[in-house]
Amino acid sequence: MARKASLSGFPEWLPNERLVELHVLDSLRRSFELHGFSNIETRAVETVGQLLRKGEIDKEVYGLSRLQNDDGEAAGTDPHALALHFDLTVPFARYVVENAGHLAFPFRRYQIQKVWRGERPQDGRFREFTQADIDVVGDGALPFRYDVELALVIADALSALPIGDFTVRVNNRKLAEGFYLGLGIEDTAGVLRNIDKLEKIGPERVAEALVNEIGTTEEQARAALALASIRTADTSFVEQVRALGVEHELLETGLTELAEVIDVATRRAPGQVVADLSIARGLDYYTGTVYETVLVGHEKLGSICSGGRYESLASKGNRVFPGVGLSIGVSRLVSRMLSDGGLKASRDVPSAVLVALNDDDSWYPAQDVAAALRARGIAVEVAARAEKFGKQIRYADRRGIPYVWFTSAEGTHEVKDIRSGEQVVADPHAWTPPAEDQHPGISAS
RNA sequence: GUGGGUAUAGCUCAGUUGGCAGAGCGUCUGGUUGUGGUCCAGAAGGUCGCGGGUUCAAGCCCCGUUACUCACCCCA
């Protein structure tokens, strides 16, 4: 964890840290809009019935109630009770159904909001955190091509962030399920759940669990592990899967789909997207493509961006709205970048200039100087008291404000770059700091 | 929800076999007649998480409790 919070799992950043987070949010917004995604915001609460519609009962959902009930009864399992959303995909599905008449399909949207999960907090795991989602939802059908496009959008968005190298790992549920069915395994979800732990507990213990808990034969377990061990940066995984000699119609569909994603990605986002047949994903509403993203060198942090294809998350009568989407864990990403990545804003405040005061009467003319600078988009604050210049300069220094503005009694102006000590004559209506000093910059220390 | 670890100054942490509460960093003041950082001198700052017990004496030992933290679970 980057910093101790007063309430565990509810991170609060210092101004400098928040600047880093804002930089990330601004960058994501720019990337998503460059790809034509519209923004929406949904309410923080949904009905319990909505949230648990897909049987996510094990999600630790925060309920919402007044401190004092009219009748003093607990909300319990009343589906009309309110609760905080635990992700943005489920509320989005509800939003699409409710507003279907006003939306043009396929509808591409991004959504950046807080979500809440009643989990035990740990490094990189919070109870209140920000997610940045992109999804495309179709009316009735959604071309598979969007599964390919979203991988590229997310690779583009993550590339624009100062987070180092990352790998988007892609798999396909149809591929895995078809393979297991072809092996004669019925509890495909159980196998997936255990395969998901492969990286954490190793192949031997996964094999044990498959035999003992899921009831597969040793042979089936070995085959499932062989499939999960396949990881390629190109479409050669297809031959590797075929070499295992399992046949099933669903498997063929999955192979074709995954191959298309990887084929395009190797050309448009080389080295950033790989086929990884061990990726399973916990959420059970995914039906095809699934994505997970890890930071190179921070694999233990877990996925910082996950998602997939869902065929029937939203439906209205006999209309269904299939979708595909990805969610970036902004809080997880930012907290790790602050603690281990050494990411820091160049100053703690937006101000680029501090206007110093000669005496208390010079506060008014100082405001004129500040207004002239602000008119050109330069962030300025005026000193509050006519302290010794040393003190006023130190005020700027402590906050990282790069420039201090002096006005003499005769009305001549000078501006000092307190990093270099260089001080030059300047005109409040013309002087502009270098572009890199206009706004706080974000860099790794 | 289950199990382990930790809790002392604003921050990071020392504190011996139980014997007067400590350091570094940070903050503030001064080193004078208005230009910071370095350097020197000085100062402020603590219910030792909380409650109880043992003891002449508890930051230290015992019991309870709360919070934080790590692992499991699950996930961004």
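Numbered from 1 within each chain, the chains take letters A, B, ... in sequence-line order. Predicted, not measured: the structure shown is a model, and the values here were computed from it.
For the pair Arg108(A) and Tyr110(A), the cation-pi test (distance below 6.0 Å, angle within 45°) is failed. Judged by the 6.0 Å distance and 45° axis criteria, Arg309(A) is not positioned over the aromatic ring of Tyr285(A).
Contact annotation for Phe406(A): base contact, defined as any heavy-atom pair under 4.0 Å involving a base atom. Within the 4.0 angstrom heavy-atom criterion, base atoms lie near Lys416(A). Heavy atoms of Ala396(A) sit nowhere under 4.0 angstrom from any nucleic acid atom. Base contact: Ile418(A) has a heavy atom under 4.0 Å from a base atom. Residue Gly302(A) is out of contact with every strand shown, counting any heavy-atom pair closer than 4.0 Å.
Judged by ring centres under 5.5 Å apart and planes tilted less than 30 degrees, Phe129(A) stacks against the six-membered base ring of A76(B).
Going from the P atom of G19(B) to that of U12(B) covers 26 Å, rounded to whole Å. Comparing the C1' positions of C11(B) and C70(B) gives an interatomic distance of 22 Å, to the nearest angstrom. Atom name C1', nucleotides G24(B) and U66(B): the rounded distance is 30 Å, in whole Å. Rounded to whole Å, the C1' atom of C13(B) lies 33 Å from the corresponding atom of A76(B). Nucleotides C20(B) and G26(B) are separated by 30 Å at their P atoms, to the nearest Å. For the P atoms, the distance linking C60(B) with C50(B) amounts to 11 Å, nearest Å. As rounded to the nearest Å, U47(B) and U8(B) have P atoms that lie 13 Å from one another. Look at the P atom in both G3(B) and U16(B): the space between them is 31 Å, to the nearest Å.
Side-chain proximity of Arg332(A) to the nucleotides C68(B), C75(B), C72(B) is greatest for C75(B). Side chain of Ser306(A), nearest nucleotide from U27(B), C68(B), A76(B): A76(B). Between A76(B), G37(B), C72(B), one nucleotide has an atom nearer to the side chain of Glu119(A) than all others, and that is A76(B). Of the candidates C68(B), C75(B), C72(B), the closest approach to any side-chain atom of Leu7(A) belongs to C68(B). Comparing G37(B), A76(B), U35(B) against the side chain of Asp397(A) picks out G37(B) as the nearest. Of the candidate nucleotides A76(B), G36(B), U69(B), G36(B) has the atom lying nearest to any side-chain atom of Ile393(A). The Arg125(A) side chain lies nearest to C73(B) when the options are C73(B), U35(B), A76(B).
Computed from coordinates, the Asp417(A) CG to U35(B) C1' distance equals 14 Å when rounded to whole Å. As a whole-Å value, the separation of Arg127(A) CZ from C75(B) P is 18 Å. Atom pair Gln392(A):CD and G36(B):P shows a separation of 12 Å (rounding to whole Å applied). Look at CG on Asp123(A): it is 6 Å from P on C70(B), rounded to the nearest Å. Phe10(A) places its CZ atom 12 Å from the P atom of U69(B), with the value rounded to the nearest Å. Whole-Å rounding puts the Phe86(A) CZ to A76(B) P distance at 10 Å.
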* To do: Could you walk me through whether Arg109(A) and Asp135(A) pass salt bridge (charged side-chain N to carboxylate O under 4.0 Å, His left out), step by step?
  => CA-CA 6 Å; Arg109(A) 81 88 176 80; Asp135(A) 287 84; 2.9 Å; yes
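His413(A) meets the ring-ring contact (aromatic ring centres under 6.0 Å, His included) test with Trp405(A); sequence neighbours excluded.
Where Lys300(A) and Arg120(A) each meet RNA chain B at their nearest nucleotide, the meeting point lying more 5' is that of Arg120(A).
Pairing for G42(B) is with C28(B), a Watson-Crick or G-U wobble pair whose two hydrogen-bonding atom distances lie under 3.5 Å. With both pairing distances under 3.5 Å, U17(B) is matched to nothing as a Watson-Crick or G-U wobble pair. Pair assignment for C50(B) gives G64(B), based on Watson-Crick or G-U wobble hydrogen-bonding distances that are each under 3.5 Å. U33(B) is unpaired under the criterion used here, namely a Watson-Crick or G-U wobble arrangement in which both key atom distances are under 3.5 Å. Checking A9(B) for Watson-Crick or G-U wobble geometry (two distances, each under 3.5 Å) identifies no partner in any strand. Taking a pair to require two hydrogen-bonding distances under 3.5 Å in either a Watson-Crick or a G-U wobble arrangement, U2(B) pairs with A71(B).
Separation of atoms CD (Gln111(A)) and OG1 (Thr42(A)) is listed at 4.0 Å; rounding is to 0.5 Å. Once rounded to the nearest 0.5 Å, the distance linking OG of Ser278(A) with CG of Leu227(A) reads 9.5 Å. How far NZ of Lys300(A) is from CZ of Arg336(A): 9.5 Å, rounded to the nearest 0.5 Å. Summarising the geometry, atom CG belonging to Asn39(A) is positioned 7.0 Å from atom CZ belonging to Arg29(A); distances are rounded to the nearest 0.5 Å. To the nearest 0.5 Å, atom CD of residue Glu17(A) and atom OG of residue Ser335(A) are 10.0 Å apart.
Between Arg205(A) and Glu208(A) there is no salt bridge, since no side-chain nitrogen of the basic residue lies less than 4.0 Å from a carboxylate oxygen of the acidic one.
The side chain of Arg398(A) contributes an N or O atom lying less than 4.0 Å from OP1 or OP2 of U27(B). Contact annotation: Lys391(A) side-chain N/O to U29(B) OP1/OP2 distance is under 4.0 Å. Applying the 4.0 Å criterion to OP1 and OP2 of U35(B), one finds that Gln423(A) has every side-chain N and O outside that range. At U27(B), none of the side-chain N or O atoms of Arg394(A) fall inside 4.0 Å of OP1 or OP2 (strictly under the cut-off).
Ring centers of Phe107(A) and Phe321(A): at least 6.0 Å apart, outside the cut-off.
The stretch residues 355-374 of chain A comes close to RNA chain B through Leu357(A), Asn358(A), each having a heavy atom under 4.0 Å from the strand.
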